[in-house]
Protein chains: 2
Amino acid sequence: MAQQDTVEKILHAATLLFSERGFSETSLRTITGMAEVNLAAVNYHFGSKKALIQAVFARFLRPLGEKIDLRLDAASANGPDVSLDTETLLEMLFEEILAVTEELGEDPQRFMRLLGLAYTQTQEHLRHYIVEHFGETYHRFIALLEKSLPQHTPIQFYWRLYFMMGAAVFTLSSFEAIRSILNADYEQDTTMVEAIDMMVPSMVGLLSSPDD
Amino acid sequence: MAQQDTVEKILHAATLLFSERGFSETSLRTITGMAEVNLAAVNYHFGSKKALIQAVFARFLRPLGEKIDLRLDAASANGPDVSLDTETLLEMLFEEILAVTEELGEDPQRFMRLLGLAYTQTQEHLRHYIVEHFGETYHRFIALLEKSLPQHTPIQFYWRLYFMMGAAVFTLSSFEAIRSILNADYEQDTTMVEAIDMMVPSMVGLLSSPDD
DNA sequence: TGTACATCAGTGAACGCGCGTTCACTGATGTAC
DNA sequence: TGTACATCAGTGAACGCGCGTTCACTGATGTAC
């Protein structure tokens, strides 16, 4: 068995289990059991549980950052002061999230749940890791989003950005729960793509409605 | 020492520590250490760690439910088909959350963080407990909120409700982090009440903006 | 071509540690007669 | 009023368990001469 098989099997199982249960609720024994590899293989390949958690995020965030940088580079080819509107920026972000998860063969909902967990669970090392490895693209994207909403003061923009992130992370990471309630109470099925299509206009409304 | 002292000391320390670290990341030894009571006192008074987690929520949710029921009763005294507008309902909810936390001598932010954790951490017993003991008032409130937004289909309303809950829980539970970034980047301090004042109009906008 | 050695993915068993829980016990207070 | 008993909040020490990590080892593959 090639090394990549074991590493990839561990990353896939860890993505699945971490997104379902959280980090400290998931043991290495559960992960290696599901991946059908030896318990010691995690420490052999990654060094520690913390490093495995970071690797799970790097698997998504590295290609996502590259894709977004490419899109922003392409947009700025026309001139140095790019200006994209709010909706275009949000749609671009969701498109690339869906593209990355599809290439990795993972469910996009799992990735959104992981992002939510990175914010809400106590994993200081993880937040540092994400800022260090993904902060540049993040700030580049946020700066363009702010530019697309010139009506706000920086502080108003900042609050609304957080409201939006909360709505997006919470909704997409609880997608399966919301979906099953919709099924039970309204006899209506829904897909992640439909949820995003419903969410983008709401997000734009939330971001662009006038101050006070 | 009267029983209430020990019980209350445990509940206070647990509220503080759970909201900061999460449930499985907080050990009974840490809680009893901070509360300055014996380790075995938790199992003596509450029976188990799970029961302690539920008691921490009951301490907030029981009085909150009672207060909201009273407010809704008072509003419906004028006639059986109450109709309150969206903003009034949201303001009422936040007012009562602030009132309850003040009476308990706890920081409202901790309570919001606990609510967020109840959604995002794996604690099935807790979600069952909350629905069982607080579900009635919750559904009564949501029904009135839906009534205040007649322009939406039930499904549209349902999605927007989730967007709003995500934005509220995420923002208020990350309040301290947001506050310190605002301080550092914009040299501006902010309070929880100001954040809520800024949030309510955004929430109303998010809920009431037209479909598609 | 053959032999000796190095590299490296992977393994099985054990390590110490912190966890939630249990249990026999204490000592103060209240109750019955 | 005095004595025996019951109740109950609280305690100290130990329990077994699952955890992340470590370590000596294996066996296959590649490299040097």
Side-chain angles (χ1 to χ4, degrees), chain A residues 1-59 114 117-118 121-126 128-129, chain B residues 1-59 114 117-118 121-126 128-129:
Chain A
M1 188 190 297
Q3 176 186 354
Q4 275 317 104
D5 283 357
T6 300
V7 167
E8 190 59 28
K9 269 157 56 176
I10 292 171
L11 286 172
H12 176 73
T15 298
L16 214 124
L17 290 163
F18 284 150
S19 72
E20 271 175 8
R21 316 183 181 187
F23 305 114
S24 38
E25 293 85 354
T26 306
S27 73
L28 295 185
R29 281 168 179 79
T30 312
I31 293 171
T32 52
M34 171 177 277
E36 296 178 308
V37 303
N38 188 276
L39 167 63
V42 168
N43 278 276
Y44 176 74
H45 286 291
F46 299 94
S48 68
K49 189 182 180 182
K50 279 186 182 180
L52 170 61
I53 295 173
Q54 294 171 1
V56 164
F57 278 82
R59 181 156 164 267
L114 286 174
L117 292 178
Q121 299 213 331
T122 316
Q123 295 283 338
E124 269 312 304
H125 71 96
L126 180 57
H128 290 151
Y129 178 86
Chain B
M1 186 191 300
Q3 175 186 354
Q4 278 315 107
D5 283 358
T6 301
V7 167
E8 190 59 27
K9 270 157 55 176
I10 292 171
L11 285 172
H12 177 72
T15 299
L16 213 124
L17 291 163
F18 283 151
S19 72
E20 271 175 6
R21 317 183 180 187
F23 304 113
S24 36
E25 293 84 354
T26 306
S27 73
L28 295 185
R29 281 168 178 79
T30 311
I31 293 170
T32 53
M34 170 177 279
E36 295 178 310
V37 302
N38 188 277
L39 166 63
V42 169
N43 278 275
Y44 177 73
H45 286 291
F46 299 94
S48 68
K49 187 181 181 182
K50 280 186 181 180
L52 170 63
I53 295 174
Q54 294 172 1
V56 165
F57 279 82
R59 181 157 163 266
L114 286 174
L117 292 178
Q121 297 212 333
T122 315
Q123 296 282 339
E124 269 312 304
H125 70 97
L126 179 59
H128 291 149
Y129 178 86

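Lettering of chains follows the sequences in order, A, B, ..., and the numbering in each one begins at 1. Below, each value reflects all heavy atoms present in this structure, side chains not excepted, and no hydrogens, waters or symmetry copies. Given the structure is predicted, the values throughout are model-derived calculations rather than measurements.
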**Prompt:** Quick one: CD on A:Glu25 to CG on A:Leu117, what's the gap to the nearest 0.5 Å?
**Reply:** 8.5 Å
**Complete:** Per atom distances to the B:Asn38 side chain, the nearest of D:dA9, D:dG12, C:dG12 is D:dG12
**Request:** Measure the distance from CD on B:Glu8 to P on D:dA9 and round it to the nearest whole Å.
**Result:** 16 Å
**Asked** Quick one: does A:Tyr44's side chain get under 4.5 Å of A:Thr6's, heavy atoms only?
**Response** no
**Asked** In chain order, what residues pass the side chain to side chain donor-acceptor pair (under 3.5 Å) check against B:Ser19, with sequence neighbours excluded?
**Response** none
**Request:** Identify, with sequence neighbours excluded, every residue that meets ring pair (Phe, Tyr, Trp, His ring centres under 6.0 Å) alongside B:Tyr129.
**Result:** B:His133
**Request:** Applying side chain to side chain donor-acceptor pair (under 3.5 Å), name anything that partners B:His125, two or more places apart in sequence or on another chain.
**Result:** B:Gln54, B:Gln123
**Request:** Quickly work out the B:His45 NE2 to D:dT7 C1' distance and round it to whole Å.
**Result:** 14 Å
**Asked** Can you list the steps and then say if B:Leu11 with B:Leu52 is a side chain to side chain contact (heavy atoms under 4.5 Å, CB included)?
**Response** CA-CA 8 Å; B:Leu11 285 172; B:Leu52 170 63; 4.1 Å; yes
**Asked** Reading DNA chain D 5' to 3', what string of ( ), [ ], | and . shows its pairs, if Watson-Crick and G-U wobble pairs count only when both distances fall under 3.5 Å?
**Response** .||||||||||||||||||||||||||||||||
**Message:** Would you say B:Tyr44 places a side-chain N or O within less than 4.0 Å of OP1 or OP2 belonging to D:dG10?
**Reply:** no
**Asked** In chain order, what residues pass the side chain to side chain donor-acceptor pair (under 3.5 Å) check against A:Thr32, with sequence neighbours excluded?
**Response** none
**Prompt:** Are B:Lys50 and B:Glu124 within salt-bridge range, i.e. N to O under 4.0 Å?
**Reply:** no
**Request:** Heavy atoms under 4.0 Å is the rule here; annotate nucleotides 15-21 of chain D 5' to 3' with B where the base is hit, S where only the sugar-phosphate is, and - elsewhere.
**Result:** ----BBB
